[in-house]
Number of protein chains: 2
Amino acid sequence: MKDNNDMPGHLARRFQQIAVAVFLAEVEDAGFDLTPVQYAALATIKANPGLDQVTLAGLIAYDRTTITGVIDRLVQKGLTERRASSRDRRARELEITDEGRKTLRAITPAVEAAQRIMLRGLTDKEANDLMRLLRKAIAAGNELSRAPLREGST
Amino acid sequence: MKDNNDMPGHLARRFQQIAVAVFLAEVEDAGFDLTPVQYAALATIKANPGLDQVTLAGLIAYDRTTITGVIDRLVQKGLTERRASSRDRRARELEITDEGRKTLRAITPAVEAAQRIMLRGLTDKEANDLMRLLRKAIAAGNELSRAPLREGST
DNA sequence: CAATATTGCTCAGTATACTGACTATCAGTA
DNA sequence: TACTGATAGTCAGTATACTGAGCAATATTG
């Protein structure tokens, strides 16, 4: 019988599991307390000042119901500000704080180290191949999850 | 600046997200209600009758605190039996029920379809390459997560 | 412009994952 | 055999993800 551990779905889960563990370990070693999800959100807020939650969710492929809690925690940590939009009173505008900017800068080496560590079993060429193939598979399946990636507004 | 969406950690998360969505959609279309995690656990219990929870967790790389809830749900659905071991009173022996066996058989086509769909953007060669590279990266990082894969007892 | 549809966000509920702690039990050893 | 350490399982707490529902506000349309 075919080994269940060899199915793409299982490999996906396992690789993600390792990636998160490596990220958290490196970031903690660097003296910070930030999850991969929080990091991506924070970096995206910095790159797109004043964006609303739905746009942010689309830019990093998070569910809109997930982003609420993520931002709650970023706000609670003092890394992000959330305020009502004046143009659309349903929306919240997000801004990174000085503290958030500082954290993002300081944490970057750990984040980059983590990316290397999670690929440490591969040669440079293999790592590039893996990322290319993942990108391709993800692009083809983008619309299949509830939280697809939505490119910048144009 | 480097796009955060292009980091291996983000690709891992995104691919896993799509894989789970595809799995759930296919299984639901087939008329079943089983998560990828529950499926893997059930299949492993069937292949290793009477195994205990820690061994099961090791075989599919789940955390031991996660497996408790997964088995709770399999038992509640009538697919698995959990009973105290006579040899070691700390341990629980797991068995698949007839209903579990029937479900596993009936669900297989949907599971296989899901694996194809999550790779649908890739050629056969690319799909094989992706899986080979994932296996290699995972093997190198196995010990980095709290729930590493533990091969069969030997 | 009134009725309708859509959108931004939140909430309640469920299912992984993990941290850390705790109980019960087992195994090894002085 | 009493002591010590390790192991099996559970529990409480936190953080993603997602389903489905709902509210408030905006957009669309007849």
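To find a chain, count down the sequence lines: A is the first, B the second, and so on, and within it residues start at 1.
OP1 or OP2 of D:dT10 has at least one side-chain nitrogen or oxygen of B:Arg92 nearer than 4.0 Å. Considering only side-chain N and O atoms, B:Gln17 lies under 4.0 angstrom from the phosphate OP1 or OP2 of D:dC18. Regarding contacts with the backbone of C:dA15, every side-chain N or O of B:Gln76 stays at 4.0 angstrom or more from both OP1 and OP2. Here B:Thr35 reaches the OP1 or OP2 of C:dT16: one of its side-chain N or O atoms lies under 4.0 Å away. Neither OP1 nor OP2 of C:dC26 sits under 4.0 Å from any side-chain N or O of B:Arg87. Neither OP1 nor OP2 of C:dT16 sits under 4.0 Å from any side-chain N or O of B:Gln16. Regarding contacts with the backbone of C:dT10, a side-chain N or O of A:Thr68 is found under 4.0 angstrom from either OP1 or OP2. Within the structure, a side-chain polar atom (N or O) of B:Arg82 is placed less than 4.0 Å from OP1 or OP2 of D:dT10. Taking 4.0 angstrom as the limit, B:Arg89 places none of its side-chain polar atoms (N or O) nearer than this to OP1 or OP2 of D:dA8. Here B:Arg73 reaches the OP1 or OP2 of C:dT16: one of its side-chain N or O atoms lies under 4.0 Å away.
B:Val70 comes within contact range of the sugar-phosphate backbone alone, with a heavy-atom separation under 4.0 Å but no base atom that close. Counting non-hydrogen atoms under 4.0 angstrom, A:Asp63 reaches a base of the nucleic acid. Among the atoms of the strands shown, none is found under 4.0 Å from any heavy atom of B:Ala21.
Between B:Ser145 and A:Thr55, the one whose closest nucleotide on DNA chain C sits nearer the 5' end is A:Thr55. Nearest-nucleotide assignment on DNA chain D puts the 5′-proximal partner with A:Pro36, out of A:Arg64 and A:Pro36. Where A:Asp52 and A:Arg14 each meet DNA chain C at their nearest nucleotide, the meeting point lying more 5' is that of A:Asp52.
Atom CZ in A:Phe15 sits about 17 Å away from atom C1' in C:dA17, given to the nearest Å. Rounded to an integer number of Å, the gap from B:Phe23 CZ to D:dC18 C1' is 16 Å. Following rounding to the nearest Å, A:Ile71 (CD1) and C:dC9 (C1') show an atom-to-atom distance of 10 Å. The CD atom of B:Glu28 sits 15 Å away from the P atom of D:dC18 (whole-angstrom rounding). With rounding to whole Å, B:Leu24 atom CG is found 9 Å from D:dC18 atom C1'. Rounded to a whole Å, the CD1 atom of A:Ile67 is 15 Å from the P atom of D:dA15. In this structure, B:Arg13 atom CZ and C:dT16 atom P are separated by 18 Å, rounded to whole Å.
Looking at the side chain of A:Arg90, the nearest of the listed nucleotides C:dT16, C:dT25, D:dT26 is D:dT26. Listed nucleotides C:dG8, D:dC18, D:dG9 differ in distance to A:Thr66; the shortest reach to its side chain belongs to D:dC18. Residue A:Ala91 has its side chain nearest to C:dC9 when only D:dA17, D:dT19, C:dC9 are considered. Candidate nucleotides C:dG20, D:dG20, C:dA17 were compared by shortest atom distance to the side chain of B:Val37, and C:dA17 ranks first.
Taking a cutoff of 4.0 Å between a charged side-chain nitrogen and a carboxylate oxygen, A:Lys102 and A:Asp98 do not qualify as a salt bridge. The residues A:Lys77 and A:Glu99 are annotated as not salt-bridged, no charged nitrogen and carboxylate oxygen being separated by less than 4.0 angstrom. Note on A:Arg90 versus A:Asp52: no salt bridge recorded, every NZ/NE/NH1/NH2 to OD/OE distance being 4.0 Å or above.
Put simply, the side chain of B:Lys136 never gets that close to the backbone of A:Leu119: no donor and acceptor are under 3.5 Å apart.
Hydrophobic clustering (side-chain heavy atoms under 4.5 Å, transitive across Ile, Leu, Val, Met, Phe, Trp, Tyr) groups B:Val75 together with B:Leu79.
Between B:Leu42 and B:Thr80, the shortest heavy-atom contact is CD1-OG1, 3.5 Å.
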